[in-house]
Amino acid sequence: MDEERSSMKLHITVNGADRRLEAPPNTLLVDLLRRQLGLTGTHVGCDTCQCGACTVHLDGRAVKACALLAVQADGHAVTTIEGVGSAQQLHPMQEAFRDCHALQCGFCTPGMIMAAIDLVEHGVPLSNRAVREGLEGNICRCTGYHNIVKAVLQGQKAMAAADDKQGAV
Amino acid sequence: MEQSGEYRILTKREDVWASLNDPEVLAKCIDGCQSMQRREDGSFLAAVKARVGPIRATFKANLRLVDLNPPASYVIHADVNGGAVGFAKGSAKVFLEEDGAATLLRYEISARVGGKLAQLGARLVDGAARKMAADFFAAFRLEFASPASAGGLSH
Amino acid sequence: MSSATGIGASVKRREDVRFLTGTATYTDDLNLPGQVYGVFLRSPHPRAALGEIDVSKALKADGVLAVFTGQDTAADGLGDLPCGWLVKSKDGSDMVSAPHPPLAVTQVNYVGEPYGLVVAETLAAARAGAELVVTDFTELPPVMDLATAADAAPIHEGLANNLAYDWALGDAAATDAALAKADHVTKLSLTNNRLIPNAMEPRAALGKFDPASGNYELHTTSQNPHLERLVLSAFVQIAPEHKLKIIAPDVGGGFGSKIFVYAEETAVIWAAAKLGRPIKWTADRSESFLADAHGRDHVTSAELGLDERGRFTALRVRTTANLGAYLSLFSSAVPTYLYGTLLAGQYKTPNIHVETKGVYTNTSSVDAYRGAGRPEATFVVERLVETAARELGWDPAELRRLNMIQPEDFPYETPVALVYDTGNYQASLERALELADYAGFAKRREAAAVEGKLRGLGFSCYIEACGLAPSQLAIQLGAGVGLYESGEVRVNPTGSVTVFTGSHSHGQGHETTFAQVVSDKLGVPFDDVEVVHGDTGRVEFGLGTYGSRSLAVGGSALIRASEKIIAKGRRIAAHRMQTEVENVAFEDGAFISGNQRMTLQEAAFASYVPADYPPDLEPGLSEKAFYDPQNFTYPAGAHIAEVEIDKETGVVRLVKFVAVDDFGAVVNPMIVDGQVHGGVAQGAGQALLEHGIYDGDGQLVTGSYMDYCMPRADDLPDFVVDTTVTPCTHNPLGAKGCGEAGAIGSPAAIINAVTDALGVQDIAMPATSEQVWRCLKEAEASEGC
């Protein structure tokens, strides 16, 4: 098929691992992650780039993987929820979400956590209002956001504490 | 959706009328028009590549000219099929009035859209239609353009 | 056993880890060998006759394997999608049910209705193939206006009109007489705006057929896989139940929308067998907007009569409910038995009469959405009560207190067919007033006025009937199935416990709360209890999760099964202890008689290795129970909303929301609070932001997140939630259910606050900034500013 012939070669660092991939030029990053790499933690909740369920990090910044072509990630580093923490060792933000009951059905959760980590790492020190505004691009239908906001504020503290600890070592 | 507009073209009415009935002229003036054929029953079949907000598709349009009253007025019925992206249906009443040596062209469009076009593009259809009309008449004007009359389209 | 993990403890959810790390398994995450992809052909017209469907070009396209249409499903004898609740009109006649084929055969009746399925090797090829299908539609005039739909030309061939039923409940004559005698009558015309549920995971299906065994397997996004199996087997006739397995793995929210048996899932499992390849379909959000069942969509006129002392004497309600083009699975019951029966609210109104006309329109089906009928009932009652208080110069809290059913009145039989078992409505109200700082509101309003803001406060004292439902009553009222729940508790030979429940969890946290219940009841460690749900191949039967029923009904079934485990364990222990069963007590996970003690784990081992074992007892320690509730449960509460409106822009800011709810006994307070938060957010969405709008031509113009306004984090405040407790009197947990309360109580509270701020009698939902701005401008104009 035409698609095969016109496949593009991509070199993307995915969750720290060097990946050499091929995909047709019209492949969305989210489809590359989900279908080709089996990283199904990144979800698709809409088709108009508005729900944020597909949020991943591109070179450390939150992006919507449904709004990027896979080729736009060529030569860059992509981190998905699978690269953030593990069942054995949750990221402080994941831990905070669990502790605060900031998730119910879990579908928006990976995107929400990716957005929250970026918010903490690159935002001004966060207030309740700032978290709410910072998460404006991520829709959650279950929690009413109350516990998500609480979790992000708690996660921010935990991330700072983890950084301090690392700095001290 | 309802729209109307008025243009002054520095050409006599019979010439404007002839051009409005000439598939080649029409095809040239419609942005993205890939083909325009006159069919046996007098209708036109056009393929137009167009974009409405997030939707881009090749639309197949069936244009029928009715209530012909040359060279003063006609009505274009358009039945536009965008396949999976939906459809548009509408009509444009076009009136030509003599205004000295020039011609006053008035149009009144009423149209409706359906399917994905309505679902995702409803807010944008009005603007897109306005732009298409403006582009059409800008190009149409150029059909009569001599250096002296190029500024003759007023809107 | 009271402990850090028992009933009443805010145990952290065990399901969270997989969701947090991206290792959960939603339907679209699954892939099968040989899998191909389906894309549905959907009508762009609200009503049209289906002519020739030319699939020849599509079939020649690269990768396309098949195109199935309604002609094919019909020719194969596939049955219609049924409505499971027969409502009768007030003249005694059965409701008029329009046939609903899974794929449209001769006519399409709403925009987005599927009439074909294109299957191809890749998703891209299936999409491209769908583009190549040429369908000959003959447009027919659609029926779009709810108020006039009933008498408009019938949208379905063979029907006399568009009235599915004309239902009534209560004493019409007594109500009319009481209203005629009332000292004051408050009247409102209300619209309950159409909502689109929007669970974040779109619906999906992965169907597989194994020709060797004849077994069908459908992974799908369902709140009730057993019910889906029953419908697909008994009505649609896909396959007999023992040949059809339905698995609802992790499901990303439902809110009612995933209860129903839809065309797409049905067509996918059918086509998978026809084609002999597994087929996957995942809705994109645009499809969800068009083809998920919507919610609410009522127009209502209502009158509340009061005597000179402020006592409610009568309530008359006339509602027209939009059912969409077809009757979805529970749709007929929602604006009738889940609505009219709740119109007494928390009050002793002696005369109530309600009429509901259920009508067909050329729109997507309307069925249960979080609250299902009860938010609509609460909106009618609480808007009327608040308006009456304003008209008569009463403090709205005081007028409510005066009319509330008192604790000593229970059990209380309402004039609309329910018997409330227990409650303490005033306790919730007083606590809410305290948390809302009602006393300080006047000062806050003044302070806001100084800033040029309008501040308003509104109440909503709601009641709901949950824990669906006593089967006999439900069946008597038209339900096609019983509404019990099943549970099974298996104590494994080494003493760990596997629990099987017919309830389904798609965000509610059953894997945690149900483990808390069983661990508490059996006295085994929480970590030793595993909860299994959502798989018809593993769980015996179930009726699923909706109507806030999981804990009250499904949890009760597990209590009953656990009781059977204990009873059998006592016999094992009595044999071992050489005493009578009556002498054996069960405490903290152990059987005790005198100074003899045998743990449940030891009893389990003895049952599987029956060396020294009662001769008349079967080996093994595994018990099942079906629990059928004796009554509905009646959660109730008081919600208070405070809003601030910017006079220049019309923007409404929800500044405070207090919810004090009585859910009876609570198993996991953390999860219950979360359910309330989520429900309130959806109610706030209804009140302020969300609206499913079809234009006059029948097109859905709020069909994406660009136009359908979902509540986002910065639209909402932190919520203040608390509970008061009167345990349910008729289930072993004392639990009432908490999933829908937030969405039931909040819209009325918020609109009462908005109208209070604006000083107007009514404003339509959603009270968007545009609406409010127009309302402010109208007020200015009429005052001559």
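FYI, side chains are in, hydrogens and waters are out, and symmetry mates aren't considered; it's all heavy atoms of this structure. Each chain gets a letter, A, B and so on, in the order its sequence line appears, and its residues count up from 1.
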Note to self: I'd like to know which of C:G685, C:G678, C:G742 tops the heavy-atom pair count under 4.5 Å against chain A.
What the structure shows: C:G678
Next item on the list: Give the member of A:D99, A:D31, A:V84 that has the highest number of heavy-atom pairs under 4.5 Å with chain C.
Entry: A:D99
Checklist line | Residue, of C:I671, C:V676, C:D673, that accumulates the most heavy atom pairs under 4.5 Å with chain A | finding: C:I671
Note to self: Under a 4.0 Å threshold between the charged nitrogen and the carboxylate oxygen, would A:E82 count as salt-bridged to C:R18?
What the structure shows: no
Check: Quick one: of C:S286, C:A199, C:P202, who has the most non-hydrogen atom pairs under 4.5 Å with chain A?
Finding: C:S286
Next item on the list: Could you have a look at A:N128, A:V44, A:V149 and say which one has the most heavy-atom pairs with chain C under 4.5 angstrom?
Entry: A:N128
Check: What's the shortest heavy-atom distance between C:M670 and A:H101, and which atoms?
Finding: O-CD2, 3.3 Å
Notebook entry, point to check: Is it the backbone or the side chain of A:L90 that comes under 4.5 Å from a heavy atom of chain C, or both, or neither?
Noted result: side chain
Item checked: Residue C:Q675 versus chain A: region with a heavy atom under 4.5 Å -> both
Checklist line | Choice from A:A102, A:P110, A:C142 maximising heavy atom contacts with chain C below 4.5 Å | finding: A:C142
Check: Highest number of heavy-atom pairs under 4.5 Å with chain A: which of C:M706, C:R712, C:M710?
Finding: C:R712
Checklist line | Atom pair CG/SG of C:D284 and A:C66 - distance to nearest 0.5 Å | finding: 11.5 Å
Next item on the list: Give the member of A:L135, A:I81, A:I139, A:T48 that has the highest number of heavy-atom pairs under 4.5 Å with chain C.
Entry: A:I139
Check: Does C:R653 CZ have over 12 foreign heavy atoms under 6.0 Å away?
Finding: no
Checklist line | Heavy-atom closest contact (C:G674 atom, A:N147 atom, distance) | finding: CA-ND2, 4.4 Å
Notebook entry, point to check: If you take all heavy atoms of C:M200 and A:F107, which pair is closest and at what distance?
Noted result: O-CE2, 3.2 Å
Item checked: For the student: nearest non-hydrogen atoms of C:L20 and A:R98, plus distance -> CD1-CB, 3.6 Å
Check: For A:R34, is it the side chain, the backbone, both or neither that has a heavy atom under 4.5 Å from a heavy atom of chain C?
Finding: side chain
Note to self: In the structure I gave you, are the side-chain heavy atoms of A:R141 and C:E201 within less than 4.5 Å of one another anywhere?
What the structure shows: no
Item checked: SB check A:R132 C:D718 (cutoff 4.0 Å) -> yes
Notebook entry, point to check: Ignoring hydrogens and geometry, is there a side-chain-to-backbone donor-acceptor pair from A:H146 to C:H677 under 3.5 Å?
Noted result: no
Check: So which part of C:V251 gets closer than 4.5 Å to some heavy atom of chain A, the side chain, the backbone, both or neither?
Finding: backbone
Check: Aromatic rings C:Y26 and A:H43: how do their planes relate, parallel, tilted or perpendicular, breaks at 30° and 60°?
Finding: perpendicular
Next item on the list: Report the option among C:D715, C:V17, C:D29 that has the most heavy-atom pairs separated by less than 4.5 Å from atoms of chain A.
Entry: C:D29
Check: chain A heavy atoms under 4.5 Å from C:L123: which part of the residue, side chain, backbone, both or neither?
Finding: side chain
Check: Shortest non-hydrogen contact from A:G144 to C:A681?
Finding: CA-CB, 3.4 Å
Check: Given a strict heavy-atom distance threshold of 4.5 Å, which part of A:T109 is in contact with chain C: side chain, backbone, both, or neither?
Finding: side chain
Item checked: Verdict with supporting geometry, C:E287 and A:D47, side chain to side chain contact (heavy atoms under 4.5 Å, CB included) -> CA-CA 10 Å; C:E287 289 182 281; A:D47 46 11; over 6 Å; no
Checklist line | Shortest non-hydrogen separation from A:S86 to C:T21 and the atoms involved | finding: C-CG2, 3.7 Å
Checklist line | Intermediate values then yes/no, side chain to side chain contact (heavy atoms under 4.5 Å, CB included), A:F97 and C:D16 | finding: CA-CA 9 Å; A:F97 267 62; C:D16 284 358; over 6 Å; no
Next item on the list: Under 4.5 Å, counting heavy-atom pairs only, tell me which of C:G679, C:G254, C:P711 racks up the most with chain A.
Entry: C:P711
Check: Given that the side chain runs from C-beta out, which part of C:D28 has a heavy atom under 4.5 Å from chain A: side chain, backbone, both or neither?
Finding: both
Checklist line | Contact origin within C:F289 toward chain A - heavy atom pairs under 4.5 Å | finding: neither
Notebook entry, point to check: Quick one: what part of A:A53 sits under 4.5 Å from any heavy atom of chain C, side chain, backbone, both or neither?
Noted result: neither
